[in-house]
Amino acid sequence: MISLPEPKPEILARRASILADLARLLPADAVIGEDIRLRPYETDGLSAYRQMPLAVVLPRTTQEVAEVLRYCHANGIRVVPRGAGTSLSGGALPLADAVVIGLMRMNRIREINFEDRYAVVEAGVTNIGITKAVEGEGFFYAPDPSSQLACMIGGNVMMNSGGAHCLKYGVTANNLLGVTFVTIEGEVVEIGGTHLDAAGYDWLGLITGSEGQLGLVTEVTVRILRGPEGARAMLAAFDSVEVAGQAVDAIIGAGVIPVALEFMDKPCIHACEAFAHAGYPLDAEAMLIIEVEGSVAEQDMLLGRIRDICAQFKPISMKLAESAEQSLAIWKGRKGAFGAVGRISPDYLCMDGTIPTGELPFVLKRIGELSTQYGLGVANVFHAGDGNLHPLIMFDANDAESFRKAEAFGADILKLCVEVGGCLTGEHGVGVEKRDLMTSQFTARELDLQRDIKSAFDPGWLLNTAKVFPLEGNARIAA
Amino acid sequence: MIAPSDEAGVAEAVRAAHAAREPLSIEGRGTKRAMLRPVQAARTLSTRGLTGITLYRPTELAISARAGTPIPEIEAALAEHNQQLIAEPPELRALFGVEEAATLGGMVGANLSGPRRITWGAMRDHVLGIRAVNGAGEVFRSGGRVLKNVTGLDLCKLLTGAHGTLGVLTEITLKVLPRAESSGSLVLRVADIAAGVRALSAALGTPYGVSGAALLPEGHGAMQGCLAIARIEDFAESVTYRLDRLRTELAAQGEAALLGREASEALWRDIRDAAPLNPAPEEAVWRLSLAPSRAPAACAELRAVFDARLLLDWGGGLVWVAGPATEAAHGAVMQAAAGGSFTLFRGPDALRAAVPVLPAEPLPLAAIGARVKSVLDPAGILNPGRLRA
């Protein structure tokens with residue numbers, strides 16, 4: 001179990017008066033203090049970790065967020081920001097002495113401008129909600145994390161979320177124009193705007209992916225893009241991981257950048273097929289789902305090129321979707337991958353490292369060896385174009401030993417990702433989950449520089465403390 | 001000038017300067033000395049000695065090179081594998097009147113992006129990893145060599161565009177992409193800048209993946225009139241199909257002509273490098289970044305104050321301006337950029353020292369910025385005065 005800092009006894013002792021103060025600052029229905037209503041906030045998408053918070057507030061406006069932060073800052077109270085709580089790294093895990101600021105009530109779309117191609121939305125608008133608001137005109141918001149039905153844009157900004165289509169469209173950071181940022185002191189600052197690339201320091205870039213360490217974001221100006229004429233997928237199955245990897249290299253090497261390029265290993269193919277009956281080849285060691293965009297003729301041309309490239313690698317089978325429906329069927333298994341694994345195992349940990357794509361065969365071989373060593377099953381989904389690997393480690397949460405092994409197995413995989421030239425997290429964030437592994441990617445001095453930059457925003461270390469940075473190294477700052 | 005041949009040498013030079021509290025002018029080959037404010041430092045530390053590509057994996061879409069590597073050297077290596085720099089950085093030798101080509105470190109330090117930025121992102125979007133030396137002479141890294149990485153605070157973004165004031169970049173890893181098989185452009189003759197921006201917005205609102213959207217108010221070469229230009233880069237069949245669709249869908253926007261690959265590439269090189277501005281040596285050049293629909297009014301405001309020569313890119317969102325290097329002209333630029341951003345891109349020392357060369361920051365952010373600066377450059381020795389007085 002991950003260690004959390006000691007709660008401040010003086011804050012715990014003042015709980016009743018803090019709740020009363022918050023109730024004066026905010027409308028009555030925006031402050032939660034009863035245990036039964038706090039319970040839903042004790043965990044997030046990483047449900048293995050639980051901790052009840054001191055209180056939860058649900059502000060409706062930037063001004064209310066600023067007032068809560070000003071109050072918490074003045075009283076030395078820790079703060080944990082929360083969007084939809086879909087973080088898979090424990091980014092929204094509460095602390096016993098912290099006020100959780102939930103942004104789900106800030107769910108208004110402020111402005112949509114098709115001429116200048118942006119939308120201004122509050123932090124609690126869901127990712128899919130942005131696309132829904134603009135798709136009538138043929139536009140969309142590009143980053144599409146698999147939690148997009150639930151996850152909120154404020155959380156997407158804080159975690160710099162990706163998705164299956166970022167090979168072409170980039171991650172959250174590449175699709176933002178501006179944010180309304182609230183400092184721990186409760187100052188409201190507009191960063192960026194409706195224009196590209198403001199001169200001066202790139203605060204927008206630094207804040208994106210900062211996991212709530214620097215301040216809160218209450219409004220976001222995103223770029224919206226005109227969607228393609230259409231899109232279609234194909235699948236190609238191979239009898240070895242190495243060969244599938246070579247096919248990916250050949251596709252990219254030929255100058256074709258598909259909009260999505262997904263890789264699944266054998267355990268994952270089997271789990272998905274049992275769940276979704278998508279017609280996946282069960283004799284394959286590895287399978288690629290490749291999606292292209294354009295007019296129907298362009299899709300035919302691109303899929304034809306990719307088919308010809310794959311054909312050089314002796315595929316077991318290939319299937320080109322001939323319609324949007326067939327394309328959906330191909331995606332159905334992949335999109336249900338996490339649920340599918342959940343069906344064959346009581347619990348699973350979803351890991352999120354990135355590796356140089358050329359290292360895939362070696363990394364999968366090592367993961368297989370570790371799987372045997374730990375006695376736990378693993379299924380691998382891989383964004384093959386950008387190197388983002390999601391091993392799903394199967395375990396039983398009711399068995400403490402099984403959970404301990406799953407955590408250790410996961411840590412070994414992430415360290416392996418760093419060793420081969422990759423990183424600990426491609427899109428889920430460090431959170432509490434990978435906090436103690438940060439020393440495998442950064443030197444002590446590098447981590448201290450990052451800590452000092454946090455201190456420049458949050459001198460009292462009140463913002464989402466106990467995430468991202470290993471606790472022992474934080475002592476220097478607190479001292 | 002100190003020009004170490006390796007990163008350790010850079011660190012040692014900065015450590016010595018830090019100990020002596022001696023300011024340093026940080027540069028690659030110094031091609032952008034006439035940009036932003038003149039640096040207040042007696043000595044110069046150049047990364048020109050740090051050259052060479054250190055890693056290039058075409059199938060992983062990543063290239064690493066030391067900061068002093070000239071951009072043409074990187075482009076040549078990429079071209080061998082039919083790849084390119086995504087942000088299409090401008091070649092500014094003519095604009096800055098210098099002989100040498102810019103370095104990778106300078107291009108990233110200035111976050112300079114060309115026409116493709118509108119669809120494919122800025123230089124800062126493609127910086128995957130950096131190595132740098134901070135103002136205390138310590139080497140640090142951020143990011144890495146993989147395309148997706150959210151591990152820790154993103155100092156790559158912080159140092160990109162910081163013009164050497166937060167650290168000396170020593171090595172940079174960039175995402176790269178295949179060069180399109182072909183390209184071509186649709187040129188529309190439009191009534192004025194407002195009509196041109198409307199046409200470009202319409203073009204960028206189509207599903208055809210326009211990768212360049214520029215406006216030449218005074219025409220270009222043999223092409224007369226106010227010209228709105230939309231570029232397609234793709235496989236040959238797609239370029240033909242998409243230009244044809246664009247031409248049909250934008251038929252109402254103005255008289256149209258199509259440019260084939262060669263003519264299109266030449267035209268976009270000129271747009272990328274702001275060549276049509278052709279400023280006289282004593283003139284100033286500005287870049288404004290605005291919401292595109294704000295650009296026509298901004299251009300009109302500028303023209304009301306001085307003889308502004310204009311070139312618009314990024315669908316109208318980037319306005320290049322050439323004009324007299326006077327405080328009055330600069331004041332007009334600042335006003336026209338309200339709600340957006342501006343830089344005094346080139347100008348004589350006297351003007352650059354006298355005016356704010358980029359917009360002021362909100363006070364809380366300026367206070368945070370000062371603290372961040374003192375984390376990364378505790379003695380304030382890196383490029384003092386470069387961004388602000």
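Numbers restart at 1 for each chain; the letters A, B, ... are given by sequence-line order, proteins then strands.
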Per-residue contact mode, [X] against chain A (heavy atom under 4.5 angstrom):
{"X": "B:Tyr208", "answer": "side chain"}
{"X": "B:Glu237", "answer": "side chain"}
{"X": "B:Tyr241", "answer": "side chain"}

Using a distance-only test with no angle check, is there a side-chain donor-acceptor pair under 3.5 angstrom linking A:Asp116 and B:Ser293?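 Their side chains do contain a donor-acceptor pair, which is all the 3.5 Å distance test asks for.
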Are a donor atom and an acceptor atom from the side chains of B:Ser238 and A:Glu298 found within less than 3.5 Å of each other?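 Indeed, the side chains of B:Ser238 and A:Glu298 share at least one donor-acceptor pair under 3.5 Å.
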[X] [atom1] to [Y] [atom2] distance, which is reported to the nearest 0.5 Å:
{"X": "A:His195", "Y": "B:Phe342", "atom1": "NE2", "atom2": "CZ", "value": "11.0 Å"}
{"X": "B:Leu376", "Y": "A:Ile453", "atom1": "CG", "atom2": "CD1", "value": "4.5 Å"}
{"X": "A:Trp203", "Y": "B:Glu361", "atom1": "CH2", "atom2": "CD", "value": "6.5 Å"}
{"X": "B:Trp314", "Y": "A:Asp197", "atom1": "CH2", "atom2": "CG", "value": "4.5 Å"}
{"X": "A:Thr425", "Y": "B:Asn149", "atom1": "OG1", "atom2": "CG", "value": "8.0 Å"}
{"X": "B:Leu61", "Y": "A:Thr357", "atom1": "CG", "atom2": "OG1", "value": "7.5 Å"}

Just give me the residue among [options] that pairs up with chain A most often, heavy atom to heavy atom, under 4.5 Å.
{"options": "B:Gly161, B:Pro58, B:Ser201", "answer": "B:Ser201"}
{"options": "B:Leu204, B:Leu387, B:Leu155", "answer": "B:Leu204"}
{"options": "B:Leu318, B:Thr160, B:Thr165, B:Leu177", "answer": "B:Thr165"}
{"options": "B:Gly121, B:Pro292, B:Ala62, B:Cys156", "answer": "B:Pro292"}
{"options": "B:Gly209, B:Ser374, B:Pro178, B:Ala367", "answer": "B:Pro178"}
{"options": "B:Leu153, B:Thr206, B:Asp154, B:Val375", "answer": "B:Leu153"}

Specify which of [options] makes the most heavy-atom pairs with chain B at under 4.5 Å.
{"options": "A:Pro356, A:Gly387, A:Gly422", "value": "A:Pro356"}
{"options": "A:Ser295, A:Gly253, A:Gly170, A:Gly429", "value": "A:Ser295"}
{"options": "A:Gly162, A:Gly227, A:Gly192", "value": "A:Gly227"}
{"options": "A:Ser455, A:Gly205, A:Gly426", "value": "A:Gly426"}
{"options": "A:Leu449, A:Val468, A:Val171, A:Asn160", "value": "A:Leu449"}
{"options": "A:Gly193, A:Gly358, A:Gly353", "value": "A:Gly358"}

Measure from the side-chain N and O atoms of [X] to the backbone N and O of [Y], and report whether any donor-acceptor pair falls under 3.5 Å.
{"X": "A:Thr354", "Y": "B:Lys148", "value": "yes"}
{"X": "A:Glu187", "Y": "B:Pro364", "value": "no"}
{"X": "B:Thr343", "Y": "A:Ala199", "value": "no"}

Selection residues 122-144 of chain B - residue pairs positive for salt bridge (charged side-chain N to carboxylate O under 4.0 Å, His left out), sequence neighbours left out: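 Counting only pairs at least two positions apart or across chains, the salt bridge (charged side-chain N to carboxylate O under 4.0 Å, His left out) contacts touching residues 122-144 of chain B are A:Asp202-B:Arg124, A:Arg445-B:Glu138, A:Glu446-B:Arg141, B:Glu7-B:Arg131, B:Arg117-B:Asp125.
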With sequence neighbours left out, write down each residue that passes side chain to side chain donor-acceptor pair (under 3.5 Å) with B:Gln253, or none if nothing qualifies.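 Residues passing side chain to side chain donor-acceptor pair (under 3.5 Å) with B:Gln253: none at all.
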Per-residue contact mode, [X] against chain B (heavy atom under 4.5 angstrom):
{"X": "A:Asn388", "answer": "side chain"}
{"X": "A:His383", "answer": "side chain"}
{"X": "A:Leu225", "answer": "neither"}
{"X": "A:Thr443", "answer": "both"}
{"X": "A:Phe139", "answer": "side chain"}

List the atom of B:Ile118, the atom of A:Arg117, and the distance in Å for their closest heavy-atom pair.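 Minimum heavy-atom separation between B:Ile118 and A:Arg117: CD1-NH2, 4.1 Å.
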Mind listing the closest non-hydrogen atom pair of B:Val372 and A:Ala456 along with its distance?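 Scanning both residues, the minimum pair turns out to be CG2-CB, 3.7 Å.
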Do NZ/NE/NH1/NH2 and the carboxylate oxygens of A:Arg305 and B:Glu181 come within less than 4.0 Å?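 Yes, A:Arg305 and B:Glu181 are salt-bridged.
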